[in-house]
There are 2 protein chains.
Amino acid sequence: MHSFTEENYIKAIYKLLESGDETISTNAIAEKMRTKAASVTDMLKKLAAKKLINYQKYQGVSLTGKGEKIALNIIRKHRLWEMFLVEKFNFKWDEVHDVAEQLEHIQSDKLIEELDKFLNYPKTDPHGDPIPDAKGKLLVRKSKSLSQFRVNDVCIMTGVVDHSPAFLQYLDKTGFQLGNEIKIKDSVEFDKSLQIIVSKKNTFFISYDVAKNILVILK
Amino acid sequence: MHSFTEENYIKAIYKLLESGDETISTNAIAEKMRTKAASVTDMLKKLAAKKLINYQKYQGVSLTGKGEKIALNIIRKHRLWEMFLVEKFNFKWDEVHDVAEQLEHIQSDKLIEELDKFLNYPKTDPHGDPIPDAKGKLLVRKSKSLSQFRVNDVCIMTGVVDHSPAFLQYLDKTGFQLGNEIKIKDSVEFDKSLQIIVSKKNTFFISYDVAKNILVILK
DNA sequence: ATAAATTTTTAGACTAATCTAAATTTTATT
DNA sequence: AATAAAATTTAGATTAGTCTAAAAATTTAT
Ligand SMILES: [Mn+2]
Ligand SMILES: [Mn+2]
Ligand SMILES: [Mn+2]
Ligand SMILES: [Mn+2]
C-alpha cells in the first residue's frame, strides 16, 4: 500500500495543517521529519503523483481527501495503541509514544477493530487527545490552554500540548492527572506564572511555560 | 539495530537449519525468501560482516550464537503475538500469521515482557509450536507425525507441520483441535490413508498427506 | 579425469529514500 | 523597481535491497 516513510510524511503534514494554515511549507515538513528540504521536495512529488497531497512547486502543500483519510487512520491506530499500552500493559503515559510510532504502521483492519472493541471504544488517548473513529471522524476539542484563564477560574485538565517524556514526568511528579480540577488562585503579572489549587487540595506555583502546555476546559 | 529485511533473513536461515543440516544453501534461502540467489549472496555478506552468520563463499551458511539469539527472539515475538491474537482478539488460528509477521518486528523489551505476562507465560502458540523464553531457551518437542503410528495406537494431537490457512481450515471443518485424542482404527496399505477416531466420537478417513501434517504424541 | 550440469558469486543496473551543493523562484528590503 | 535574503527545487551522489546476465566454482556424470 504505502511505505512507512510515506505514512510518516502524511502524518507530519496532517499535524502541521492542524495549526490552521491553508498550506504548509517544505521547510516546516523538513523540520518536523528531521530531514532536509531537498528530501521533502522529492517526497512531495511522489505523494502528489499518488494524489495524497495538493502540491504545486513553490506554492506549499495541503492534503487531499484521500491523504487526510490516511492520516486520520494512522492517528487512530497510534492513539488506540497508546491507550492499549497504558490500560492493559502497565505503560506510563510518557513511555507509550515510541512504541506506538511503530505499531501505528501495522496493517490489519480486523486487528484495529478488535483493539477498539477490547478497549471499549475509547474517545481519547492517554494524553487526552481524541481518537478518530473508524470512518475517520474526529471530535474537535474545545479545550484551551490553562494560561488563557484568570484568577478564580475553575477548570478541568483535559490534555497536554507538549507530549515529551520530560514534561509528562514533571506532571506526574507534581501530581497532575487528566480530569483533575484546577483553580487559579493567583497570577503574577511580571512573568505570567500562576498559583493554582489542584483537586481542592494541593497548591502549586507553575510557570507560564507550564501553564501554556496544560489543556483545560472551564468547569 | 537490524532492519526488517535482515531480521527476516536471519529467521529464514534459522528455520532452514531446523531441518538438521549443518549448513544451508544460498538457493534454499532464496526460495524461502522468495527472492533471487544473487540478492541472497549480497545479504549473506552483510550478515557475515555483522557476525550473525558463519559464511564462506560457496560453502553454505549457519548462524552464529549471536544470530541464533536474534532468530529465537523474533520467533518468540511472532508466537506470543499469534497467541495474543487468538486468545484476546478473536482471531482464528488460520488468520494470525500475516499480522504476526508484522508484529514480530516491533522493538520494545517492555512490550514483550508485558505481552508474555498478559498471556500468563504460554508455552506454545496456537499451532502448538513452542515459544522460546526470554533467554532464548526453546523446548524441543518430541511430537511425531501421525503417519508414523500404527493401528490401535492412541495419540494426542499437539501440533501441525503445514501452517497454511487451507490446511488449518480443513482441520477446523473436520473438527480437529490441539489436545484431541486420536485413535488409529485402520490403515490402508495401498495409499497409506488412515481411518481414525477423534475424541472417542467421530470416525474419519484421512489421506497420508493429511496424516503427515498432523503432529501427535503417544497417549 | 574430463566434461557437463548445477550452484554460487560478481558485475552492472534499478528504485526508494536520503544527502550536499548549486540553481531557481519567491519574498522582503531598500 | 531593483536588489538582497530566504525558501524551494534541481542536479548529482550514496545506501539498502533488489534484479538480470555473465563469470567462476563446485558437484555430478561420463
Ligand atoms: Mn504519541
Ligand atoms: Mn497520545
Ligand atoms: Mn506464524
Ligand atoms: Mn504459529
Side-chain angles (χ1 to χ4, degrees), chain A residues 1-17 19 21-63 67 70-71 74 101-102 104-105 107, chain B residues 1-17 19 21-63 67 70-71 74 101-102 104-105 107:
Chain A
M1 197 60 191
H2 309 105
S3 69
F4 282 24
T5 308
E6 287 171 326
E7 291 192 348
N8 285 332
Y9 270 94
I10 291 284
K11 189 176 53 148
I13 293 167
Y14 180 92
K15 297 217 161 179
L16 290 167
L17 285 166
S19 56
D21 302 310
E22 277 299 309
T23 65
I24 55 164
S25 71
T26 301
N27 269 348
I29 299 168
E31 192 185 8
K32 180 136 239 182
M33 294 290 294
R34 299 159 159 282
T35 181
K36 303 293 165 173
S39 309
V40 173
T41 301
D42 283 346
M43 181 56 78
L44 294 182
K45 287 178 188 166
K46 206 199 308 186
L47 296 176
K50 292 190 176 190
K51 315 243 177 184
L52 302 179
I53 60 173
N54 305 116
Y55 170 60
Q56 281 159 206
K57 271 192 192 181
Y58 297 102
Q59 303 307 305
V61 175
S62 65
L63 288 174
I70 291 169
I74 300 166
E101 284 290 306
Q102 300 178 60
E104 72 188 5
H105 300 291
Q107 306 270 6
Chain B
M1 196 59 190
H2 309 104
S3 69
F4 282 24
T5 308
E6 287 171 327
E7 291 192 348
N8 285 332
Y9 270 94
I10 291 285
K11 188 174 55 149
I13 294 167
Y14 180 92
K15 297 217 161 177
L16 290 166
L17 286 166
S19 56
D21 303 310
E22 278 298 308
T23 64
I24 54 164
S25 72
T26 300
N27 268 348
I29 298 169
E31 193 184 6
K32 179 136 241 181
M33 293 291 293
R34 299 157 159 283
T35 181
K36 302 293 167 181
S39 309
V40 174
T41 300
D42 283 347
M43 181 56 79
L44 294 182
K45 286 178 189 165
K46 207 202 303 189
L47 296 176
K50 292 191 176 189
K51 314 245 177 179
L52 302 178
I53 60 172
N54 304 115
Y55 170 60
Q56 281 160 206
K57 271 191 191 181
Y58 297 102
Q59 302 308 305
V61 175
S62 65
L63 287 174
I70 291 168
I74 300 166
E101 283 290 306
Q102 300 177 61
E104 73 189 6
H105 300 291
Q107 307 269 6

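A note on names: the letters A, B, ... follow the listed sequences, proteins ahead of strands, and every chain is numbered from 1. Every heavy atom of this structure was used, including side-chain atoms; hydrogens, water molecules and symmetry mates were not.
Under 4.0 angstrom from either OP1 or OP2 of D:dT8 there lies no side-chain N or O belonging to A:Tyr55. OP1 and OP2 of D:dT18 both lie 4.0 Å or more from every side-chain N or O belonging to B:Thr35. Applying the 4.0 Å criterion to OP1 and OP2 of D:dA21, one finds that B:Lys36 has every side-chain N and O outside that range. The side chain of B:Lys57 places no N or O atom within less than 4.0 Å of a non-bridging phosphate oxygen (OP1 or OP2) of C:dT7. Phosphate proximity of D:dA7 to A:Ser25: absent, as no side-chain N or O sits under 4.0 Å from OP1 or OP2. An OP1 or OP2 oxygen of C:dT6 is reached within less than 4.0 angstrom by no side-chain nitrogen or oxygen of B:Tyr58. Remark: A:Asn27 is not in phosphate contact with D:dA6, judged by side-chain N or O atoms under 4.0 Å from OP1 or OP2. Contact between the side-chain N/O atoms of B:Tyr9 and the OP1/OP2 oxygens of D:dA16 is not found at any separation under 4.0 Å.
If you take CG of B:Leu47 and P of D:dA16, they are 12 Å apart, rounded to a whole angstrom. When the P atom of C:dT18 is taken as reference, atom NZ of A:Lys45 falls 15 Å away, rounded to whole Å. If you take CG of B:Asp42 and P of D:dA16, they are 11 Å apart, rounded to a whole angstrom. Distance B:Gln59 CD to C:dT6 P: 20 Å, rounded to the nearest Å. Atom NE2 of B:His2 is separated from atom P of D:dT15 by 19 Å (rounded to the nearest Å). Taking atom NZ of A:Lys50 as the reference point, atom P of C:dT15 lies 15 Å away to the nearest angstrom. The CD1 atom of B:Ile29 sits 16 Å away from the C1' atom of D:dT18 (whole-angstrom rounding). Distance B:Met43 CE to D:dT18 C1': 10 Å, rounded to the nearest Å.
Using a 4.0 Å heavy-atom distance criterion, A:Phe4 is classed as making no nucleic acid contact. B:Thr41 comes within 4.0 angstrom of a base, heavy atoms only. When heavy atoms are screened at a 4.0 angstrom cut-off, B:Gln56 is found touching no nucleic acid atom at all. Residue contacts shown for B:Thr5 are limited to sugar-phosphate atoms, with no base heavy atom under 4.0 Å away. Residue-level contact check: A:Thr26 touches the backbone only, with heavy atoms under 4.0 Å from sugar-phosphate atoms and none from bases.
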Check against side-chain contact (heavy atoms from CB on, under 4.5 Å), B:Tyr9 and B:Val40: CA-CA 9 Å; B:Tyr9 270 94; B:Val40 174; 4.1 Å; yes
Would B:Lys11 and B:Glu104 satisfy side-chain contact (heavy atoms from CB on, under 4.5 Å), going step by step from the backbone distance to the final call? CA-CA 11 Å; B:Lys11 188 174 55 149; B:Glu104 73 189 6; 2.7 Å; yes
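A heavy-atom distance below 4.5 Å is not found between the side chains of A:Val61 and A:Thr23.
Taking both residues in full, the closest heavy atoms of A:Ser62 and A:Leu17 are given as CA-CD1, 4.0 Å, listed atom of the first, atom of the second, then distance. Between B:Met43 and B:Glu6 the shortest heavy-atom distance is SD-CG, 4.0 Å. When all heavy atoms of A:Ala37 and A:Ala30 are compared, the pair lying nearest together is N-CB, 3.8 Å.
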